[in-house]
Participant: 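Once you've had a glance at the structure underneath, I'll fire off some questions.
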Amino acid sequence: MSYMTKSPWVIHYDASSCNGCDIEVLAALTPVYDLERFGIINTGNPKHADVFLVTGSVNEQNRAVVKNIYDQIPNPKVVVAVGICATSGGVFRECYNVAGGIDKIIPVDVYVPGCAARPESIIDGVVTALGILDAKRQAMKEKKSENAGNRGDVV
Amino acid sequence: MSRQIIVPFGPQHPVLPEPLHLDLVLEDERVVDVIPSIGYVHRGFEKLVEKRDFNNYVYLAERTCGICSFIHGMTYCQGIEQVMGIEVPERALYLRTIWSEYSRLHSHLLWLGCFADSFGFENLFMNAWRIRERVLDVLEQTTGGRVIQGACKVGGVRRNIGSEKLAEMNEGLGIIRREIEDLTNVFLFDSSIRHRLKNVGVLSKEDAYHLGAVGPVARGSGVNVDLRKTGYAAYGKLKFEPVVETAGDSLARCTVRARELFASIDMIHQAIAAIPEGPLDVKVTGAPEGEYFSRSEQPRGELIHYVKGNGTKFLVRSRIRTPTLTNIPPLVKMLAGCELADVPVIVLSIDPCIGCAER
Amino acid sequence: MTIENQSTTPVEIGKLIGVVEEFRNQGYRLVQIGCTATGDLYEINYSFDKDYTFRNIRVTVTPDTEIPSITGMYWGAFIYENEMHDLFGVNVRGMNIDFKGTLIRTSVKNPFGIAAGKGEKQ
């Protein structure tokens, strides 16, 4: 990816992580790693966001919260599962209160490995996600012009 | 009297890195009652003692929390060692102390950053986290892990720190200290920060003691309790005094943590100067039979790992009582009577670690 | 090296409140309340500390025994008592703040309880 035409914003939610990945997500945004140099800003409002970073795995109580945040993010959007817990449940997969990876409730575009995921891997994951975001945006545009064409409108 | 309304706070909230939910009962702008609810990150891994033997469980104990992971692992190991009567070599105890204090530095810097963010000082947040990276570099160079270290095991430690590296760390601490001085001067003396923190979320000494407050929350209210004084690991051989402030407000809690940064640096200097040569671990044979409440001072306060074994490889019970759990009742007291706009500052002032609290 | 001496004193359930009151009057702080399932019984540990002296008392009860709440003496104890109720299914009577099973919501009811353990083996 050579450059981004937009400035994508991320939102982070801790599903049932131990905090290890969460603080690494924050570390990726701060000096030294500085994800913000790609024009990326961490926001607390899902309606501002393009990229959804989830750490930790799904359980009964946060299922609805994760789904709700996902639904509030406008299209196009990408989901990055940060760390092994968000991918599969990781070291906690056998716990009674852990249902498994985030992909059990929402579609995941990029999986970032690690326990805890390193900031370098997180940045790599987000940058990969931006490529997917661009492709999704392109696909939406084409679909829109196609639909418009079918109706005989001027695009 | 005006009408009461309930404002939900969390679980997803801009100031909270972790999910905590509070129902705030308001009369106009004033909070009259608070009902906390947790459980968003409950995993229930204490139950896994039935499936992982006591040596493997160290990995789970460490992942109680990604911020003070080393101290969790160490406290658990310490509990098993006390039950089994294992004599841990001196050098290992000193290394545990050094890593514990580096963990405290990284945790307090992380908190200072998040706290600054809660009252709108983003640049200060970035600066605190920039300094924190220096601490993480040392942890990574010496243990291999930035936030989850995996350096502790039952009977000792897995890695050594060579004398050259120790000397280098000793020097590096000088740089860290100077940077922390600049940083904490802003927290402690900037008039707009003092304005935001002074007399906000006051907790009296009596309340702090009887509601079970621990760590900087207790010490900020004048309660002199620091579990490092029990002399676990190598703390019995180091000279230090617990940092105590008496005002009991958010500024006092912030001051305690800021001053503890310097205390930690002093302790690491002392430990590096006194660390003896010797083996890193002892062979562990048999299985734990008996019980012990292993206590330690985590950055957030007193931590307890209760372990109970029945002579098999699998423990009967592991019960982790984390400082955030016991700091929730004091938080409820602090919030009652405050203004809605101060809620984020007060919540952050106890340094909540929900991942810990719910396990 | 022993770090500290820890004494555990068994206490009858009927005398619990009196003993806890004694600790409170002597100026101990409540350190924790924790429950352990052993066989068909629950061991409940109440730990106190004063000037780094750690003291523990223990009541051993059957699963259907009602435990009196100690929130009258230690207001903050509600957090442990609710936790014990949610994770073990221990009934606690007279809590100052009773979440009625909603403090920690779990996918399995009372996961640490004796009944849950038996269900798993079958």
Participant: More than 12 heavy atoms of other residues, nucleotides or ligands under 6.0 Å from NZ of K205(B): yes or no?
Facilitator: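 Not more than 12 within 6.0 Å, no.
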Participant: Taking every non-hydrogen pair under 4.5 Å, which of Y28(C), F78(C), F54(C) racks up the most with chain B?
Facilitator: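 That would be F54(C).
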Participant: Please classify the contact of V316(B) with chain C as side chain, backbone, both or neither, using a heavy-atom distance under 4.5 Å.
Facilitator: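 Only the side chain of V316(B) comes within 4.5 Å of chain C.
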Participant: Using modelled atom types only, decide if a donor and an acceptor are shared between the side chain of R319(B) and the backbone of I33(C) within a distance under 3.5 Å.
Facilitator: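 Answer holds: yes.
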Participant: Checking A37(C) against chain B: side chain, backbone, both or neither under 4.5 Å from a heavy atom?
Facilitator: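 Answer is backbone: N, CA, C or O of A37(C) sit under 4.5 Å from chain B.
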Participant: Could you check whether atom CD of E66(C) has more than 12 heavy atoms from other residues, nucleotides or ligands sitting under 6.0 Å from it?
Facilitator: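 Yes, enclosed.
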Participant: Between N45(C) and chain B, with a heavy-atom cut-off of 4.5 Å, which part of the residue counts as in contact: side chain, backbone, both or neither?
Facilitator: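 N45(C) touches chain B through side-chain heavy atoms alone.
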Participant: With only heavy atoms counted, which part of E81(B) is less than 4.5 Å from chain C, the side chain, the backbone, both or neither?
Facilitator: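 Neither part.
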Participant: Measure across G76(C) and P329(B) and return the closest heavy-atom pair with its distance rounded to 0.1 Å.
Facilitator: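 Nearest heavy atoms, G76(C) then P329(B): O-CG, 3.4 Å.
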Participant: Is chain B contacted by the side chain of D86(C), its backbone, both, or neither, given a heavy-atom distance below 4.5 Å?
Facilitator: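 When you check distances to chain B, no heavy atom of D86(C) falls under 4.5 Å.
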Participant: Checking the side chain of R29(C) only, and the main-chain atoms of A213(B) only, is there a donor and an acceptor separated by less than 3.5 Å?
Facilitator: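 Not a single qualifying donor-acceptor pair exists.
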Participant: Could you walk me through whether K308(B) and E43(C) satisfy the side chain to side chain contact (heavy atoms under 4.5 Å, CB included) test, starting with their C-alpha distance in whole Å, then the side-chain angles of each, then the deciding distance to 0.1 Å, before giving a yes or no?
Facilitator: CA-CA 11 Å; K308(B) 186 183 174 83; E43(C) 281 178 0; 3.3 Å; yes
Participant: Which atoms of D226(B) come close to chain C, meaning under 4.5 Å heavy atom to heavy atom: side chain ones, backbone ones, both, or neither?
Facilitator: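 Both parts, heavy atoms under 4.5 Å.
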Participant: Output the option from N224(B), I35(B), D207(B), L211(B) having the highest count of non-hydrogen pairs under 4.5 Å with chain C.
Facilitator: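 Looking at each of N224(B), I35(B), D207(B), L211(B) in turn, L211(B) comes out on top.
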Participant: When you measure from the side chain of Y209(B) to the backbone of G27(C), do you find a donor-acceptor pair of N or O atoms at a distance under 3.5 Å?
Facilitator: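 Side chain of Y209(B) to backbone of G27(C): a pair is present.
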Participant: What's the shortest heavy-atom distance between T326(B) and Y80(C), and which atoms?
Facilitator: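 That closest heavy-atom pairing would be OG1-OH, 2.9 Å.
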Participant: Please round to the nearest 0.5 Å and tell me the distance separating atom CD1 of I304(B) and atom CG of D49(C).
Facilitator: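 Spacing of CD1 (I304(B)) from CG (D49(C)) equals 8.5 Å.
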Participant: Rounded to the nearest 0.5 Å, what separates atom CZ in F293(B) from atom CD in Q32(C)?
Facilitator: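 Result: 5.0 Å between the selected atoms.
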Participant: Go through the atoms of V214(B) and report whether side chain, backbone, both or neither lie under 4.5 Å from a heavy atom of chain C.
Facilitator: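 For V214(B), side-chain heavy atoms alone lie under 4.5 Å from chain C.
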Participant: Which bit of L325(B) comes within less than 4.5 Å of chain C, counting heavy atoms only: side chain, backbone, both or neither?
Facilitator: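 Both parts, heavy atoms under 4.5 Å.
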Participant: What pair of heavy atoms forms the shortest contact from Y74(C) to H210(B), and how long is it?
Facilitator: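 The answer is CD2-O, 3.7 Å.
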Participant: Checking heavy atoms, do the side chain of L30(C), its backbone, both or neither come under 4.5 Å from chain B?
Facilitator: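 The answer is the backbone of L30(C).
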Participant: Tell me the closest heavy-atom pair linking Y52(C) and T230(B), and the distance in Å.
Facilitator: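 Scanning both residues completely, I find the closest heavy atoms to be CD2-CG2, 4.0 Å.
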Participant: Test side chain to side chain contact (heavy atoms under 4.5 Å, CB included) on N56(C) and Y306(B); report intermediate values, then the result.
Facilitator: CA-CA 12 Å; N56(C) 191 45; Y306(B) 168 67; over 6 Å; no
Participant: Under 4.5 Å, counting heavy-atom pairs only, tell me which of Q78(B), H42(B), R295(B), K333(B) racks up the most with chain C.
Facilitator: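 That would be R295(B).
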Participant: Tell me, yes or no, whether the heavy-atom count around D51(C) atom CG, taken from other residues, nucleotides or ligands under 6.0 Å, exceeds 12.
Facilitator: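 Check fails, neighbour count at 12 or below.
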